[in-house]
Amino acid sequence: MRKYFSLIAIAIFFIGFAQKPQVQVKRATIAFLNVENLWDTIPSADYIDGTLPINHPNFHRSVPIDSLKFLPVTEEYKGQWSDDLLIGKKVIRYQNLADDFTPKSAKNYNSKVYQTKLANESKVISELGYQYTKTLPAIVGLIEVENRQVIQDLIKQPALNKVEWGIVHYNSYDARGIDVAVIYQKKRFTVTDSYKKEVVNYNDEGRRSYTRDVLVVKGLLDGEKVAVFMNHWPSRSGGEAASAPRRNAAAAVLKAEMDKIRAEEPDRLLFAMGDFNDDPVNVSLTKHLGAVGDKKELSEERPYYNLMYKMFKSGVASLGYRDAPNLFDQIIVSKNALSDTLQKNYSVYKAEVYAPSYLITPDGQYKGYPYRSWAGDTFTGGYSDHFPSLVVLQKEFTPAQ
């Protein structure tokens with residue numbers, strides 16, 4: 001009888017062990033790509049309908065120039081371009097170089113070239129983080145998109161249309177009309193709020209110098225609170241030193257918004273990413289944003305960690321600017337996104353600049369640089385003048401029984 005009860009106990013033990021949930025690892029990729037002038041082939045202008053709410057998609061939209069004659073205009077606006085100043089007005093804003101990416105331009109930018117661009121960019125996006133997650137990225141930032149339509153065309157590409165994508169995009173007042181945007185897998189990320197923060201700069205004559213906004217997207221990634229800040233800071237046009245104040249101003253805007261959200265929601269994970277047009281060691285990032293490159297330097301006063309700082313120090317680059325390697329494409333995270341061990345909540349597992357061989361120029365003057373789409377007015381068939389960057393998050397995951 002004793003032997004009988006012992007056998008029952010052993011059986012119960014093994015049954016209980018077999019029924020114990022097996023802990024697995026769940027991963028998600030957050031990434032971004034400079035799509036190098038992803039334009040459609042139609043000359044366009046901005047139409048601002050200030051009678052709509054500022055966050056309405058049609059408050060500020062890109063429209064074909066040929067359609068402007070059908071849209072009501074209340075005045076020929078000559079003031080500064082800012083959402084708040086345009087409330088109640090219906091106005092048109094013409095873009096610089098509106099005909100640059102059209103069939104009639106020197107680029108001969110036709111439907112065939114446009115479709116190649118879409119296929120190329122979608123291929124890259126589909127691969128970001130795949131070797132770690134075996135799936136498409138959950139959140140992707142886009143830099144240098146012309147309008148919402150090109151984003152809609154992009155996510156319909158065969159490389160991406162396996163999942164349902166959402167779009168967050170607002171038109172900026174950048175002189176050329178280029179914007180930043182975010183696409184996301186709807187099954188994995190739920191947007192709870194989105195808005196843009198204006199970066200105000202002035203030129204030497206005291207006139208506004210218009211640049212891209214900082215795009216802020218808050219939401220739930222697989223149920224966890226995150227915020228993404230997409231950036232495309234002012235270029236180094238005019239020289240690095242002369243243009244530095246413009247990037248410092250962008251850094252101040254980004255820091256103010258990150259600090260605000262962090263103070264309101266200390267548990268939310270923050271991811272600032274984009275083309276900063278500065279390296280991780282430049283003062284815009286180290287001083288004005290306060291991003292550190294060593295985890296030992298993290299504190300309540302300096303809570304942001306640059307995932308690309310050590311990469312830059314080791315020689316990693318994301319582009320070549322004026323024949324010099326730079327790492328402008330960076331991801332900066334709040335310190336609560338870092339952990340040395342696997343946790344029940346998301347933390348950083350891996351960050352990298354993605355540079356497979358097909359994204360690298362194989363020969364010639366720019367050998368080793370990103371395989372860009374354009375050499376002057378000639379379409380090369382390439383992908384981008386920047387390598388994309390990504391961060392992979394991971395956490396414990398117990399499958400439903």
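If you're wondering where the values come from, they're calculated on a predicted model, not measured in any experiment. All values below come from the heavy atoms of this structure, side chains included, with hydrogens, waters and symmetry mates left out. For reference, positions follow the sequence shown, starting with 1.
- A donor-acceptor pair under 3.5 Å is absent between the side-chain atoms of S209 and the main chain of N203, judged by distance alone.
- Judged as a ring-ring contact (aromatic ring centres under 6.0 Å, His included), and not counting sequence neighbours, the contacts of Y358 are Y383.
- The environment of CG in D267 is crowded: more than 12 heavy-atom neighbours from other residues, nucleotides or ligands sit within 6.0 Å.
- Counting heavy atoms of neighbouring residues, nucleotides and ligands inside a 6.0 Å radius, atom OH of Y195 exceeds 12 of them.
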### Task
Using the side chain to side chain donor-acceptor pair (under 3.5 Å) rule, take Q343 and S347 through it: C-alpha gap first, then chi angles, then the decisive distance, then the call.
CA-CA 7 Å; Q343 303 288 328; S347 61; over 6 Å; no

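- Note: D385 CG to N37 CG = 7.5 Å, rounded to the nearest 0.5 Å.
- Listed for the R212 side chain is no donor-acceptor partner under 3.5 Å among the backbone atoms of D174.
- For the side chain to side chain donor-acceptor pair (under 3.5 Å) criterion with S172, the lone passing option out of D46, D213, T211, D179 is D179.
- Side-chain contact between L393 and L221 is present, with at least one heavy-atom pair separated by less than 4.5 Å.
- Remark: the backbone N or O of V392 is not paired with any side-chain donor or acceptor of E352 at under 3.5 angstrom.
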### side chain to side chain contact (heavy atoms under 4.5 Å, CB included) between M273 and M230, worked out
CA-CA 5 Å; M273 59 188 190; M230 270 306 301; 3.6 Å; yes

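- Side-chain atoms of N110 come within 3.5 Å of backbone N or O of K112 as a donor-acceptor pair.
- Listed by chain and residue number, W233 satisfy the ring-ring contact (aromatic ring centres under 6.0 Å, His included) test with F276 (two or more places apart in sequence, or in another chain).
- Between the side chain of Q394 and the backbone N or O of Y349 there is no donor-acceptor pair closer than 3.5 Å.
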### Task
Before giving the answer on side chain to side chain contact (heavy atoms under 4.5 Å, CB included), spell out for L38 and Y114 the whole-Å C-alpha distance, their side-chain angles and the decisive distance to 0.1 Å.
CA-CA 8 Å; L38 183 56; Y114 179 50; 4.1 Å; yes

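- Side-chain atoms of L142 and E121, non-hydrogen and from C-beta on, never get closer than 4.5 Å to each other.
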### Task
Could you walk me through whether N171 and Y47 pass the side chain to side chain donor-acceptor pair (under 3.5 Å) test, one step at a time?
CA-CA 10 Å; N171 276 297; Y47 180 71; over 6 Å; no

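- The number of heavy-atom neighbours closer than 6.0 Å to NZ of K26, taken from other residues, nucleotides and ligands shown, is above 12.
- With K295 contributing its side chain and Y305 its backbone, the two residues share no donor-acceptor pair below 3.5 Å.
- Interatomic distance, OH of Y346 versus CD of E224, reported as 7.0 Å (0.5 Å rounding).
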### Query
Can you check side chain to side chain donor-acceptor pair (under 3.5 Å) on N336 and S334, steps first, answer last?
CA-CA 6 Å; N336 61 335; S334 53; 2.5 Å; yes

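- Remark: the backbone N or O of P43 is not paired with any side-chain donor or acceptor of T102 at under 3.5 angstrom.
- Formation of a donor-acceptor pair under 3.5 Å by the R268 side chain with backbone atoms of V226 is found in this model.
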### Task
Would you check, one step at a time, whether the test side chain to side chain contact (heavy atoms under 4.5 Å, CB included) holds for Y94 with L68?
CA-CA 11 Å; Y94 291 96; L68 292 175; 3.7 Å; yes

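- Defined by atom type and a distance below 3.5 Å, a donor-acceptor pair is missing between the side-chain atoms of N231 and R247.
- A donor-acceptor distance shorter than 3.5 angstrom exists from the side chain of N282 to the backbone of D279, with no hydrogens or angles considered.
- Here the side chain of E146 pairs a donor or acceptor atom with the backbone of D40 at under 3.5 angstrom.
- Between W165 and Y184, the ring center distance fails the sub-6.0 Å criterion.
- Side chain to side chain, S194 and Y170 meet the donor-acceptor criterion of an N or O pair below 3.5 Å.
- Of the N and O atoms on the side chains of Y173 and D83, at least one donor lies less than 3.5 Å from an acceptor on the other residue.
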